[in-house]
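Everything on this sheet refers to the single structure shown next.
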Protein chains: 4
Amino acid sequence: MSLREKKAEKKKKEIIQSALSIIAEKGYHATTMEDVAAKLLMTKGSVYYYFKDKQDLLFKSQKMLLEQSIQNIEEIMSKELPIIEKLQKVMVVHIEFLITERTGFAMGARPDQFFAGDQLQEIISLRQKYSHCIDKLIAQGIESGYFNKVDTKIVRNIILGAMNYVIEWYSSDGSKDKNELAKSISDYLLRILIN
Amino acid sequence: MSLREKKAEKKKKEIIQSALSIIAEKGYHATTMEDVAAKLLMTKGSVYYYFKDKQDLLFKSQKMLLEQSIQNIEEIMSKELPIIEKLQKVMVVHIEFLITERTGFAMGARPDQFFAGDQLQEIISLRQKYSHCIDKLIAQGIESGYFNKVDTKIVRNIILGAMNYVIEWYSSDGSKDKNELAKSISDYLLRILIN
Amino acid sequence: MSLREKKAEKKKKEIIQSALSIIAEKGYHATTMEDVAAKLLMTKGSVYYYFKDKQDLLFKSQKMLLEQSIQNIEEIMSKELPIIEKLQKVMVVHIEFLITERTGFAMGARPDQFFAGDQLQEIISLRQKYSHCIDKLIAQGIESGYFNKVDTKIVRNIILGAMNYVIEWYSSDGSKDKNELAKSISDYLLRILIN
Amino acid sequence: MSLREKKAEKKKKEIIQSALSIIAEKGYHATTMEDVAAKLLMTKGSVYYYFKDKQDLLFKSQKMLLEQSIQNIEEIMSKELPIIEKLQKVMVVHIEFLITERTGFAMGARPDQFFAGDQLQEIISLRQKYSHCIDKLIAQGIESGYFNKVDTKIVRNIILGAMNYVIEWYSSDGSKDKNELAKSISDYLLRILIN
DNA sequence: GATGAATGAGGCTTCATTCAT
DNA sequence: GATGAATGAAGCCTCATTCAT
C-alpha cells in the first residue's frame, strides 16, 4: 500500500470515528453529514470523496465495529484459558470496547431498521459470527460440566442485552471505573451459568 | 368528563398507538406525521388538532408507556406474594408488555437523545420510579435473605438490559411463545440473585 | 370530479405549462424546480405537493404534450377530406402547436436520454402512435395514387424532422406569421410526395 | 509547431472527441468532466490543463464540429459539378458526418441555450456561414433554372431540420446503411426543389 | 503535465408545521 | 373537527473548479 493510500485509509478511519461518535450521541437519523465533517474541520464535500453516501458511511462504520469485535473475541477464544475465565474475558472486553467506542449501535439496534439487501445480509452475518462465538463458549462450558445446562440462545441474548445496555447508564454512574464495572457485570452474568 | 372529551381522549390514544407502532418499526426520526396519520386513515392536519407537535406526540406516547409500566409493576408490588415470585412476575409482565407493544423504546433508549428540559425531567423521573421499584424488590430480597448480596444498581440494569433486548431478537425465535420465553428469561435472571 | 379536484387538476396543468415553457427555453437539465415554482409565484415545496419529483413532472408534461398532439392528429384524420388536404392540415396543426407551446421537446429529443423503464415505454408508445398516423396518411396517399411511391418511414421522418426544427429558427424570422409559415412548410414538404 | 505543441494539440482533440461522444449520448448538462476524463483514462484535473472550463470545452468542440462541416461543404462547393449533384453531395456528406460523429448537437440545438456573449456570436457566425453555403446553392439552382423558385430560407431550414433529425432515428433502422440512407434522404429533399 | 484531494455553490427532496375554508 | 394546500427550513448529494505536490 502506497503512502497515498495509507493516508486515504487513515482519513477514512477518522471519518468513521467521527461518524461513530456522533451517531452514538444523537442517533443515526439525527446525525448529519455536516456534523460528521465539521467535527473533523472538513466540508461535506470531502466526506463524499471518501464515502459514496451517508448509508455507505453508516455501513462501513458498523462493519468496522463488528469486525473489531469479532477480532477481539477470536483472539480471546484462541487462548489457552479455562472456559470460565475465557467467557468472562470475552464479556469484559466487550463491555470495555462498548464504553470506549461510546456506541452499542452495532450490536444493539435492529439491523433491518438501517440496512437492506446485501448490506443487511453482511451485517447479519457478522453479528451471527459474533453470536456463534459466545454460543460456542457456552456450549463448551456445558459440555465440560463447568456450566449449568441452559438454553444457549436465550442465555446468549441475556448476556448480550445486559452488556449492550451498559452504555445507556454508564455515564451516570461514576463510582466504578470501566474495568471494575465490566468485571462486576460479568461476574453477575456468570452466575446464570455457574452453580 | 363529557362525551366530547371522552371521544377526544379515545382519539388521542389511537394516535398514540399508531405512533408507537410505527416508531417501534422504523425508529422515531424515520417516522413521519404522515405515517402516523395514514395508519388511522387521517390526514396530518388532524393529528395536529390533538397534539401540539411531533415532539409532543412522542412525549405523550412515551409517558403513557411508562405510566402503564409503572402501574403494572405497582399492581404486582401491592400483592401478597413471596419476594421471589414477585420479582419474577414483574419480569414476566415487563417482557410480555414489551413484546405486546412491540416497543422497547420507552425503557431502552437514552432519553436525552429525544427529550430536553421539563420533558426530559419527567421522563427520567418516571423511569426512576420504575427502576426504584425493581431496586426495592432486590433490596427486600437481600434483606429477607432470599437473595444474594449484590450491587443493586448493577443487577437492576443487567435485568433491564436483558429484558429490553428481547424485542431485538424475539421475532426470529418462534420456538417458544411469549409467556414461556418470559418465564425462561426471568428464571435465568433470578439465578443472579439466588444461590 | 369535485370542485376541489378540478382546482387541483387546474393547478397541475399550470405547473406543467410553467415547466414546459422553461424547459423549452433552457432545456430540461438547466430547468430547476425553483424556476418552475417561481414562475407561478409558488414555492418549490408546493410543486412537490402535485408532482412526486422532477422526473415525474417531466414525464407528465411530455405525456400531456404527446396526448394533445395525438388528439389533434386523430381529429383531423377522422374528417372527410381529400388525402392531400388531410396531410397538409396535419402538418399545419403540428407546426402551429409546436410554435404555440414553444417546445419541440416531446417529438424532437431522443426519449432514452430522459426516460427509462415504464416511462420510456409509454413515451415511445405514444410517439409511435403519432408516427403511425402520419405513416397511414402517406400510405393512403400512395394507394390512392395521389402520392408518389416512397419509403414511408424515411419520408415520415423527413417531415417530422423538418417540422420539429421550426422552433429552432422561428423566432428569428418575423416576416411571416405562424399560420403562413406552417402553410409554406407543408407546401414544400408535400412536393416530396406529389409529382 | 513544436513537438510538444503537437502532442498537446493531439490531446486536446482526443478530449474533444471524448466530450463530443458523451454529449451526444447524454446531453451537455448530464455530461460531467469526470465522464469526459474517465473515457480517456485521465483524471478531471488533467482536462483542466487543456481546457479552461467545461464551457470552454463545449465551445471548442462545437467550433471544431462546425469548422469541419464548413470545410466539408466548401470543398464540395469548389468542385466543378452540376448544381443538382453539388447540393446532393452536400446533403449526403452532412448526413454521413452526423451519423459518424453521432452528434447533431452542433447544428441542431439552439445555440443561445448553451452560449452567450462572444462565444454565442462566433457560433452563430459559423452556423450562418454554413447556412449561407446552402442558401447559395439553392439560389444558384434557381437562377440557373434547375430549381423551382422557392423561399430560400424556409427550404434551407427544412433541409437542415430533416437532415439533423436523422440521428434521432437512425440507430433503430438498420435496413439501410449510412450511405444509402443519406442518398435516399437527399433524393427526397431534392424533390422540393426540382419539378 | 498529472493527480489526489478539497471545496462550495447549487439543486433535489422531505417533512414538520400552519392555516383558510 | 377535518383537510387540502402551502411553506420553508434542513438535509442529502453532485459536480465544476481549484490547488498543492
Side-chain angles (χ1 to χ4, degrees), chain A residues 2-5 7-8 11-12 15 29-37 40-58, chain B residues 4 7-8 11 28-37 40-58, chain C residues 2-5 7-8 11-12 15 29-37 40-58, chain D residues 4 7-8 11 28-37 40-58:
Chain A
S2 74
L3 182 64
R4 270 264 143 95
E5 281 167 333
K7 263 193 183 170
K11 199 94 191 177
K12 278 193 189 183
I15 295 171
H29 280 106
T31 298
T32 72
M33 293 301 265
E34 182 75 39
D35 290 338
V36 174
L40 298 170
L41 305 178
M42 286 176 156
T43 58
K44 268 182 294 181
S46 302
V47 176
Y48 280 92
Y49 183 79
Y50 294 96
F51 295 93
K52 191 184 150 294
D53 54 26
K54 196 186 174 187
Q55 184 63 31
D56 183 39
L57 177 53
L58 176 71
Chain B
R4 179 150 292 175
K7 262 193 182 170
K11 201 96 188 174
Y28 173 66
H29 279 104
T31 298
T32 71
M33 294 300 265
E34 183 74 39
D35 291 337
V36 174
L40 299 170
L41 306 178
M42 285 175 159
T43 58
K44 275 189 286 184
S46 300
V47 176
Y48 278 88
Y49 181 79
Y50 295 97
F51 295 92
K52 191 183 150 294
D53 53 27
K54 194 186 176 188
Q55 184 63 32
D56 183 39
L57 177 53
L58 176 70
Chain C
S2 73
L3 181 66
R4 270 264 144 91
E5 280 167 335
K7 262 193 182 169
K11 199 94 191 177
K12 277 193 189 183
I15 295 172
H29 279 105
T31 298
T32 72
M33 294 300 266
E34 182 75 39
D35 291 337
V36 174
L40 298 171
L41 304 179
M42 285 175 157
T43 58
K44 271 182 293 182
S46 302
V47 176
Y48 279 91
Y49 183 78
Y50 294 96
F51 295 93
K52 194 184 148 294
D53 54 26
K54 197 186 174 187
Q55 184 64 30
D56 183 38
L57 177 52
L58 176 70
Chain D
R4 180 150 293 179
K7 262 193 179 171
K11 201 97 189 173
Y28 173 66
H29 279 105
T31 298
T32 71
M33 294 300 266
E34 183 74 39
D35 291 337
V36 174
L40 299 170
L41 305 179
M42 287 176 157
T43 58
K44 276 188 287 185
S46 301
V47 176
Y48 278 88
Y49 181 79
Y50 295 98
F51 295 92
K52 190 181 151 295
D53 54 24
K54 194 186 175 187
Q55 185 63 32
D56 183 39
L57 177 53
L58 176 70

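Lettering follows sequence order; numbering is per chain, from 1.
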Which heavy atom of [X] sits nearest to which heavy atom of [Y], and what is that distance?
| X | Y | value |
| --- | --- | --- |
| D:D53 | D:M33 | C-CE, 4.3 Å |
| C:V36 | C:T31 | CG2-CG2, 3.8 Å |
| C:H29 | D:H29 | CB-CB, 3.1 Å |
| B:Q55 | B:Y28 | OE1-OH, 3.6 Å |

Could I get the full list of side-chain contact (heavy atoms from CB on, under 4.5 Å) partners for [X], not counting sequence neighbours?
| X | value |
| --- | --- |
| A:E34 | A:T32, A:K44 |
| A:A8 | A:Y50 |
| A:S46 | A:M42, A:T43 |

Encoded 5' to 3' (Watson-Crick or G-U under 3.5 Å; [ ] crossing; | other strand), DNA chain F becomes .||||||||||||||||||||

DNA chain F: 5'-proximal contact among B:L41 and C:T43 (nearest heavy atom):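 Residue closer to the 5' terminus by nearest nucleotide: B:L41.
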
Considering just the side-chain nitrogens and oxygens of A:S46, establish if one lies under 4.0 Å of OP1 or OP2 belonging to E:dA5.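 So the side-chain polar atoms of A:S46 never come under 4.0 Å of the phosphate oxygens OP1 or OP2 of E:dA5.
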
Give a yes/no on whether any side-chain N or O of C:Y49 is located under 4.0 angstrom from OP1 or OP2 of F:dA6.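 It does not, given that no N or O in the side chain of C:Y49 lies less than 4.0 Å from OP1 or OP2 of F:dA6.
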
Rounded to the Å, how far apart are [X] [atom1] and [N] [atom2]?
| X | N | atom1 | atom2 | result |
| --- | --- | --- | --- | --- |
| C:F51 | E:dC12 | CZ | C1' | 16 Å |
| C:L57 | E:dG11 | CG | P | 16 Å |
| B:D56 | E:dA16 | CG | P | 14 Å |
| A:M42 | E:dG8 | CE | C1' | 15 Å |

Encode nucleotides 11-21 of chain F as B, S and - characters from 5' to 3', where the letter depends on protein heavy atoms closer than 4.0 Å: B to the base, S only to sugar-phosphate, - to neither. SBBBSBBB---

Under the side-chain hydrogen bond (donor to acceptor under 3.5 Å, both in side chains) rule, collect the residues that match up with D:D56, sequence neighbours excluded.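 Per chain and number, D:D56 pairs via side-chain hydrogen bond (donor to acceptor under 3.5 Å, both in side chains) with D:K60.
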
Heavy atoms only, 4.0 Å cut-off, all strands: where does D:Y50 land among base, sugar-phosphate and nothing?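 The residue D:Y50 makes sugar-phosphate contact but no base contact.
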
Reckon A:A8 touches a base, only the sugar-phosphate, or nothing at all at heavy-atom distances under 4.0 Å?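 It contacts sugar-phosphate atoms only.
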
